[in-house]
Colleague: 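What follows is a structure written as structure tokens; I'll ask about it next.
Everything quoted here is computed from the prediction, not taken from an experiment.
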Amino acid sequence: MYYLKKIYLPLLLCGFLALLYGCTMVIEGARGIAGVSTRVLEEGRKEAVKKTFNCNCDTCYNESKRILKEKGAYIYAQDLNKKMIAVYVSETDTTPVGVFFKAVDDSHTQIEVSSPGKFGKEYISGKLFLSLDKVLSGEKEEVRPDAQ
């Protein structure tokens, strides 16, 4: 009987650990199938379009979220702890784009825009950076309802 306990306990422990690791893979896989995974966006940060703004991280995050909605991007995931907003270019163009915020200091924030598609990354970063520059400088942005 002692011999069986000696064999089964390590096997049971290994099985439990494999199950935990497997569940993580299953959860991320399910997110990918559902279209809400942000892994590809996080992995693409090294090739992200980057720009530093003269505002604190929370202000940049909140203003960027507002601007993205205003410009027609569809927010499908957001994580305040990770300082990340994941969007589709629009409700019809489901190219995923990640907007990441990194505090440089108390009054400066670097925004990184990543996407597996070059168009999505350039389109969203262009719209977001231009609008955020105008908002932070106090300029009023021209609103054209027909422009997208």
Colleague: Are Asp93 and Ser90 close enough that a side-chain donor and a side-chain acceptor fall under 3.5 Å?
Modeller: no
Colleague: For residues Val104 and Met84: do they belong to one hydrophobic cluster (side chain heavy atoms under 4.5 Å, members Ile, Leu, Val, Met, Phe, Trp, Tyr)?
Modeller: no
Colleague: Write out all pairs satisfying salt bridge (Lys or Arg N to Asp or Glu O under 4.0 Å) with one or both partners inside residues 94-105, taking only residues at least two apart or from two chains.
Modeller: Lys102-Glu112
Colleague: Which atom pair, heavy atoms only, marks the closest approach of Cys60 to Leu132?
Modeller: SG-CD2, 4.5 Å
Colleague: How close do Pro116 and Pro96 get, heavy atom to heavy atom, and via which atoms?
Modeller: CD-O, 3.5 Å
Colleague: Looking at CD1 of Ile111 and NZ of Lys50, how far apart are the two atoms once the value is rounded to the nearest 0.5 Å?
Modeller: 13.0 Å
Colleague: Does Ser125 reach the main-chain N or O of Val113 with its side chain, forming a donor-acceptor pair under 3.5 Å?
Modeller: no
Colleague: Please evaluate residues Cys57 and Lys83 with respect to the criterion side chain to side chain contact (heavy atoms under 4.5 Å, CB included), reporting the C-alpha separation (whole Å), side-chain torsions for both, the decisive distance (0.1 Å), and the verdict.
Modeller: CA-CA 8 Å; Cys57 203; Lys83 299 288 188 202; 3.9 Å; yes
Colleague: Name the residue from Val99, Val135, Asn62, Leu130 that meets the side chain to side chain contact (heavy atoms under 4.5 Å, CB included) definition with Ile67.
Modeller: Val135
Colleague: Crowded around Tyr74 OH? As in, over 12 foreign heavy atoms under 6.0 Å?
Modeller: no
Colleague: Enter the distance from Ile85:CD1 to Leu41:CG here, rounded to the nearest 0.5 Å.
Modeller: 12.5 Å
Colleague: Applying ring pair (Phe, Tyr, Trp, His ring centres under 6.0 Å), name anything that partners Phe101, two or more places apart in sequence or on another chain.
Modeller: Tyr61
Colleague: Is the shortest heavy-atom distance from the side chain of Ser107 to the side chain of Cys55 under 4.5 Å?
Modeller: no
Colleague: Under a 3.5 Å cutoff, is there a donor and acceptor pairing between the side chains of Lys51 and Gln110?
Modeller: no
Colleague: I need the Lys71 NZ to Tyr123 OH distance, nearest 0.5 Å.
Modeller: 8.5 Å
Colleague: For the side chain of Ser131 and the backbone of Leu128, is there at least one donor-acceptor N/O pair under 3.5 Å apart?
Modeller: no
Colleague: Report the distance from atom CZ of Phe53 to atom OG of Ser64, rounding to the nearest 0.5 Å.
Modeller: 7.0 Å
Colleague: To the nearest 0.5 Å, what is the distance between CG on Asp79 and OG1 on Thr38?
Modeller: 8.0 Å
Colleague: After noting the C-alpha distance and the side-chain angles of Lys121 and Val97, does the key distance pass the side chain to side chain contact (heavy atoms under 4.5 Å, CB included) rule?
Modeller: CA-CA 6 Å; Lys121 176 174 38 179; Val97 179; 5.5 Å; no
Colleague: So, for Ser114 and Gly44, which heavy atoms are closest and what is the spacing to 0.1 Å?
Modeller: CB-O, 3.6 Å
Colleague: State, yes or no, whether a side-chain contact exists between Leu68 and Gln78 at a heavy-atom distance under 4.5 Å.
Modeller: no
Colleague: Any ion pair linking Arg39 and Glu42 (charged N to carboxylate O, less than 4.0 Å)?
Modeller: no
